[in-house]
Every structure is written in structure tokens, then in C-alpha cells.
Amino acid sequence: MKIASFNINGVKARIAQLTAWLPEAQPDVVVLQEIKTVDEGFPAEMIEDLGWQVWTHGQKSWNGVALLSRLPVEDVRRGLPGDDGDEQARWIEAEVMGARHAVTVAGLYLPNGNPAPGPKYDYKLAWMERLRARAAALLDTEAPVVMLGDYNVIPEPRDAAHPERWVEDALFLPETRAAFRRIVNQGWTDALRIRDPHGTRGPFTFWDYQRQAWERDNGIRIDHLLLSPQAADLMRDAGVDRDQRATEKPSDHVPVWVEIDA
DNA sequence: ATGGTGGGTGTCCCA
């Protein structure tokens, strides 16, 4: 089962790239972030025509996540638990039926949090605390779980081309990184990191539109795939579809993926 | 220190 995550920065602006990438990358399950539309505005038919089922958790103008699957799906759940007043669409999870295992797939779009300090950073940290609670509950199921998406967290200096430029950014502040570590240290495996445990740089998943960041390879690693122990046992490979950043009208993120023997 | 770029349904906000 190949599971991918892609922050597409607006599904309507990116539908050509998305429908080209899907048959090329051949994932079985995809979670999308920043669809930037309400459910009714999502171009589901164009994706269904390619053989996919589509579930959305949309929102007007900003945020919004979706789950696409070629495999049977059960029990789609929308919204991160822990705050009934939270209007922001940043979480979708479901059970995906592989040939051998049912896999829990949770797609997330963690708040950016800038500027820090401030109310947006407070919201980010509160959201990460709710994520920690949900992640612990998912681990308790002892099922294979893949929790993936745009975490808006640069875990370590080696995850940025120029870490010194990020020291005051909400994506790299010590409190942000500590909150991310608290989740990982529950027992999750960072699939892109363990694929190259001693790598000194990257792999990057985001390059800013500004200042020729892509041309200079001034990137950061903020899209992550966290695997529960039962999913990590099944892991075959993981990677970053870096060439998607060089397409016409690209997103500022590229797809990340993991293959598990499920 | 500044402003640079891109998407949305927007004449500003968010990343």
C-alpha cells in the first residue's frame, strides 16, 4: 500500500498537476492539504474519473484537507478531537483496507503559527497538544497507523538548507520542535528520516515561492510521515517526489510517500 | 531592514 501526502496550495489552481501526478505516482491512498475550498467546490469528478474515491473536509478560502483512495475505505472521521469550537478544517482520518491489513490513515495540516509569539502561535501549540492526545489514542489501537501531512515543523537543523534563518520562525522555535518530539517519542517512526538516518541535509519537501528558493535549493523538510510501530514493521520504502516542484505552476510543497506491506 | 511570490473570491488575509 503506497500512501502519499501532498499540500497542493489550492486544489482548483493545482488540478492539472494533481491529475497528472496521480497516474504517474500510482499511490493507493492520498491525503491533501490546503485544498482551499468548501466541499462543493472540490473537483471530485475529475479525480473519480481516474478511479479514485474522494472524501473532503473543506473550508472557504483557507485550509481544508481531503482523502483519496483506490482501496476500500471505512469510517471517515473529520476534525481533530479536543475542541468543539475549532472551525479550521485540518484533519481527516479513515480505515483503508489493504489486502493483508486494515491501515488507519490520518491526514493533517498543522497550523503555521506565524507570527510568534502571538495568538496564531498559541493556536499552533494548542493544536499540537490536541494532536499529541489523538496520536496517543491511535497508538493504543495497536493497528498499523500512518499519520502524515504538512506538520509545519522543521524538526532539526539538518532539515533546513539555512537553519539560522529560521530561528525565530514558528516552524523552528524550540517549543515547536519540543512539541513535535513529544509526539514522535510516543513511539512513532519518522519514515523519511529513518530512510537516511545519518543524512546531513534534507530531504526537503517545501521551497518558498520567493527569492528563487527552488533554484537555490533553499528548502525545508516540513511534510512528514509518522508510522506506528505496527506500520513501521511493514515499511518497504519512503520518498519525496522532488521533481514535482519543477512542474508548470507548482505548489510550494511536493508529495511525500511511504510504501507499507499491507 | 526590506520585500520578494502565490492562492483565494479577495479590494486584504494567509502562507
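Per chain, numbering begins at 1; letters A, B, ... match sequence-line order.
Going from the P atom of B/dG7 to that of B/dG3 covers 22 Å, rounded to whole Å. Taking atom C1' in both B/dC14 and B/dG10, the straight-line distance is 11 Å, to the nearest Å. Taking the C1' atom of each, B/dT9 and B/dC13 are spaced 12 Å apart, rounded to whole Å. Spacing between B/dG4 and B/dA15 at atom C1', rounded to whole Å, works out to 14 Å. Here, B/dG6 and B/dT2 have their P atoms 23 Å apart, quoted to the whole Å.
You'll find that the side chain of A/Tyr209 is closest to B/dG6, out of B/dG6, B/dG3, B/dG8. Nearest to the side chain of A/Gln210, among B/dT9, B/dG7, B/dT5, sits B/dT5.
For A/Phe206 and A/Thr37, each mapped to the nucleotide of DNA chain B holding its nearest heavy atom, the one lying further toward the 5' end belongs to A/Thr37.
For the pair A/Asp252 CG and B/dG7 P, the interatomic distance rounds to 9 Å; values are reported in whole Å. Between the CH2 atom of A/Trp207 and the P atom of B/dG4 there is a distance of 24 Å, given to the nearest Å. B/dC13 atom P lies 9 Å from atom CH2 of A/Trp62, rounded to whole Å. Counting to the nearest Å, the P atom of B/dG4 and the CG atom of A/Asn218 are 18 Å from each other. Computed from coordinates, the A/Lys36 NZ to B/dG7 C1' distance equals 4 Å when rounded to whole Å. Rounded to an integer number of Å, the gap from A/Asn9 CG to B/dG8 P is 7 Å. Across the protein-nucleic acid pair, A/Ile8 atom CD1 and B/dA15 atom P stand 16 Å apart, rounded to whole Å. Whole-Å rounding puts the A/Asn7 CG to B/dG6 C1' distance at 12 Å.
Between B/dG7 and A/Arg14, a contact under 4.0 Å exists linking OP1 or OP2 to a side-chain N or O. At B/dC14, one or more side-chain N or O atoms of A/Lys120 fall inside 4.0 Å of OP1 or OP2 (strictly under the cut-off).
A salt bridge links A/Arg77 with A/Glu95: at least one charged nitrogen is closer than 4.0 Å to a carboxylate oxygen. A salt bridge is defined here as a Lys NZ or Arg NE, NH1 or NH2 lying under 4.0 Å from an Asp or Glu carboxylate O, and A/Asp28 with A/Lys2 fails to meet this definition.
With A/Ser251 as the partner, the side chain to side chain contact (heavy atoms under 4.5 Å, CB included) test is satisfied by one option alone out of A/Phe6, A/Phe206, A/Trp207: A/Phe6.
By the 6.0 Å and 45° rule, A/Arg242 does not stack over the aromatic ring of A/Phe204.
Under the 3.5 Å distance criterion, with hydrogens and angles disregarded, a donor-acceptor pair is assigned to the side chains of A/Glu93 and A/Trp91.
Contact annotation for A/Tyr109: backbone-only contact, meaning every heavy-atom pair under 4.0 Å involves sugar-phosphate atoms and none involves a base.
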